[in-house]
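Heads up, the thing below is written out as structure tokens.
A note on names: the letters A, B, ... follow the listed sequences, proteins ahead of strands, and every chain is numbered from 1.
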Protein chains: 2
Amino acid sequence: MTELEKGPTGRRRGRGARERILGASRQLFREQGINRTGMDQLCAEAQVSKRTAYQHFTGKDELVAEYLRQFDPAVMSGVFDRTDLTPRERLLAAFDIPPTTPLCPYIGAAVELHDPEHPASQYARDYKKAVAARLAGAAREAGAADPEQLGEQLALLLDGAAARTRVLDADAFPTAAAVAAVLIDSAIRATA
Amino acid sequence: MTELEKGPTGRRRGRGARERILGASRQLFREQGINRTGMDQLCAEAQVSKRTAYQHFTGKDELVAEYLRQFDPAVMSGVFDRTDLTPRERLLAAFDIPPTTPLCPYIGAAVELHDPEHPASQYARDYKKAVAARLAGAAREAGAADPEQLGEQLALLLDGAAARTRVLDADAFPTAAAVAAVLIDSAIRATA
DNA sequence: TGTTAAGTACACCGCCCTGTGTGCTTACCG
DNA sequence: CGGTAAGCACACAGGGCGGTGTACTTAACA
């Protein structure tokens, strides 16, 4: 057992524990939730010793916070930079997420942790505000009458779709997109 | 300690344990969440012995399910029966919930339990569908073009406001109500 | 070659959780 | 009065949890 598998760099498989831990977090926190995933199971899945995990993260709380920070869904990363779309299409593209995408871990973390002071809860707030701000920016480009308001409204639709999909186990994003279309057209029409 | 306080019926305070348990559930599950509320604490708060609790409910799971069944927010109970309002006002009244109201325990339970097969999760689904159906019914009375669609859309707005309020710790229901007004007017205008 | 950083293996601690077992007390009701 | 249903007090089992201590191994690097 001395000869372990080696990675592309020729280094021992053990190296890069932090990334494996975060990878296992993404998988297990999504599949089982945060509270129902123990550190033992998480470390086993990541093929990392528990000791190592607690040298990279001071505790589970910090790991959860970092897990949220790492998570960057398509909403924030690519959608708003697509110049091939009109501003209106860009706003609607935020609702066009593949069904396999894990459902809003920010809401999940805030509900599961149930502590507004928890670092992960604070980051969840920051993230939600950032999304609303981005939507407002795109709304401004699209020529909306009140971009801030429209951004907040669209953000609420995204959260509603996420929550409803989670509870009902049925994709609610098409419904949200339909509402978004009505809102956007209404807001743009108001300026014309 | 033999002379315990007596209730209005003259019966011993010990009687009616089930109601006290459910009352404590409503309080503690809301304040601390389900997973973070232990049966020990819950029984202490309800002034009920643990043994009694487990004679009324086979386990915490059943208690959680019953807690959800008991919870009947204003959305379902009174709003739709108010004949003093126009159908349109009735639809909007669903969004006019007092800020002190505990925030959608159904979403909370579904997220916290993280098990679609859990009795409470199943009831949460049923409840969400029932709300959408009621909204659709009111939408029909209001003369909406597609009542089912409008009902689903309004239900999504309610869930979005609940989720967003929980994460951001800021009342999102006014925003949802504003969107609802646009949707309703748009749906009614389509029929005229 | 020797040092050091990174990781491993594994036992272990204390805590809290759900759930039970046992024996006792009280109130109601025929 | 006596029986019975409801409840109480309390200890305890069994397990999972987050987190730590200790001693060892490996790979990179100077």
Side-chain angles (χ1 to χ4, degrees), chain A residues 1-25 28-29 32-67 112-115 118-120, chain B residues 1-25 28-29 32-67 112-115 118-120:
Chain A
M1 195 70 97
T2 54
E3 182 66 23
L4 295 176
E5 303 156 26
K6 301 191 172 182
T9 61
R11 294 193 171 180
R12 185 159 175 256
R13 170 122 151 298
R15 293 299 169 96
R18 188 184 172 89
E19 279 63 40
R20 292 208 306 281
I21 295 170
L22 287 168
S25 300
L28 294 179
F29 288 164
Q32 318 180 352
I34 294 169
N35 289 332
R36 298 187 111 74
T37 300
M39 290 300 283
D40 282 319
Q41 185 197 3
L42 199 150
C43 291
E45 183 73 26
Q47 289 184 282
V48 156
S49 90
K50 225 169 148 190
R51 208 72 191 78
T52 300
Y54 279 96
Q55 263 147 17
H56 280 285
F57 305 94
T58 67
K60 192 183 182 182
D61 288 345
E62 189 182 299
L63 172 59
V64 171
E66 189 63 24
Y67 146 75
E112 280 205 75
L113 302 175
H114 216 275
D115 173 15
H118 192 292
Chain B
M1 193 69 96
T2 54
E3 183 65 24
L4 294 175
E5 301 155 30
K6 302 193 174 182
T9 60
R11 295 192 170 182
R12 188 165 172 247
R13 170 121 149 298
R15 294 300 168 95
R18 186 184 173 91
E19 279 63 40
R20 292 208 307 280
I21 294 170
L22 287 168
S25 300
L28 295 179
F29 288 165
Q32 322 181 16
I34 295 168
N35 289 332
R36 298 186 112 75
T37 299
M39 290 298 285
D40 282 317
Q41 185 196 2
L42 199 149
C43 291
E45 183 73 28
Q47 290 183 279
V48 156
S49 90
K50 226 168 145 191
R51 209 70 192 77
T52 302
Y54 279 96
Q55 263 147 18
H56 280 285
F57 306 94
T58 66
K60 192 181 180 182
D61 288 345
E62 189 182 298
L63 171 59
V64 172
E66 190 60 25
Y67 147 74
E112 281 206 74
L113 303 174
H114 216 276
D115 174 14
H118 192 291

Quick check for you: to the nearest 0.5 Å, what is the distance between A/L113 atom CG and B/R36 atom CZ?
6.5 Å
Gap between atom OH of A/Y54 and atom CD1 of A/I21 - 0.5 Å precision:
10.5 Å
Quick check: do B/F57 and B/L22 have side-chain heavy atoms less than 4.5 Å from each other?
yes
May I ask you to verify if any side-chain N or O of A/H56 is less than 4.0 angstrom from the OP1 or OP2 atom of C/dG7?
yes
Whole-Å distance, B/M39 CE to C/dG19 P, equals 7 Å
Check every strand shown and say whether A/T58 touches a base, only sugar-phosphate, or nothing at a heavy-atom separation below 4.0 Å.
nothing
I want to verify a distance call: between C/dG19, D/dG18, C/dT8, whose nearest atom is closest to the A/R51 side chain?
C/dT8
A/R18 side chain N/O closer than 4.0 Å to the phosphate oxygens (OP1, OP2) of C/dA5?
no
Say whether, by atom type as modelled, one donor and one acceptor occur between the side chain of B/D61 and the main chain of B/H118 under 3.5 angstrom.
no
Rounding to an integer number of Å, can you tell me how far B/N35 CG sits from C/dC15 P?
22 Å
B/Y54 has a side chain; which of D/dG18, C/dT8, C/dT18 sits nearest to it?
C/dT18
Between P of C/dC16 and CZ of A/R36, the distance in whole Å
20 Å
What I'd like to find out is whether the side chain of A/H56 reaches to under 4.5 Å of the side chain of A/E66, using heavy atoms alone.
no
Pairwise distance OG(B/S25) to NZ(B/K60) - rounded to 0.5 angstrom:
9.5 Å
Rounded distance (nearest 0.5 Å) linking atom CZ of A/R20 with atom CZ of A/R18
13.5 Å
So that I can compare with my own list, what are the stems of DNA chain C, taken as at least three consecutive Watson-Crick or G-U pairs with distances under 3.5 Å?
C:1-30 with D:1-30
If you measure from NE2 on B/H114 to CZ on A/F29, what distance do you get to the nearest 0.5 Å?
11.0 Å
Rounding to a whole Å, what distance do you find between B/I34:CD1 and C/dC17:P?
15 Å
Please report the distance, rounded to the nearest Å, between CD in B/Q47 and C1' in D/dA9.
14 Å
Given side chains that start at C-beta, do those of B/M39 and B/L63 come closer than 4.5 Å, heavy atoms only?
yes
A/N35 backbone acceptor or donor facing A/E112 side chain under 3.5 Å:
yes
How long is the line joining CG of B/D61 and C1' of C/dC17, in whole Å?
13 Å
Atom CD of B/Q55 to atom P of D/dA9: distance rounded to whole Å?
14 Å
Nearest-neighbour nucleotide for the A/V48 side chain, D/dG18, D/dC8, C/dT8 considered
C/dT8
Atom CG of A/L42 and atom C1' of D/dC17 are separated, to the nearest Å, by 13 Å
Can you tabulate the close N/O pairs, meaning under 3.5 Å, that link protein atoms to atoms of nucleotides 11-15 of chain D?
none

Look at B/S49 and D/dA9 and indicate whether a side-chain polar atom (N or O) is within less than 4.0 Å of OP1 or OP2.
no
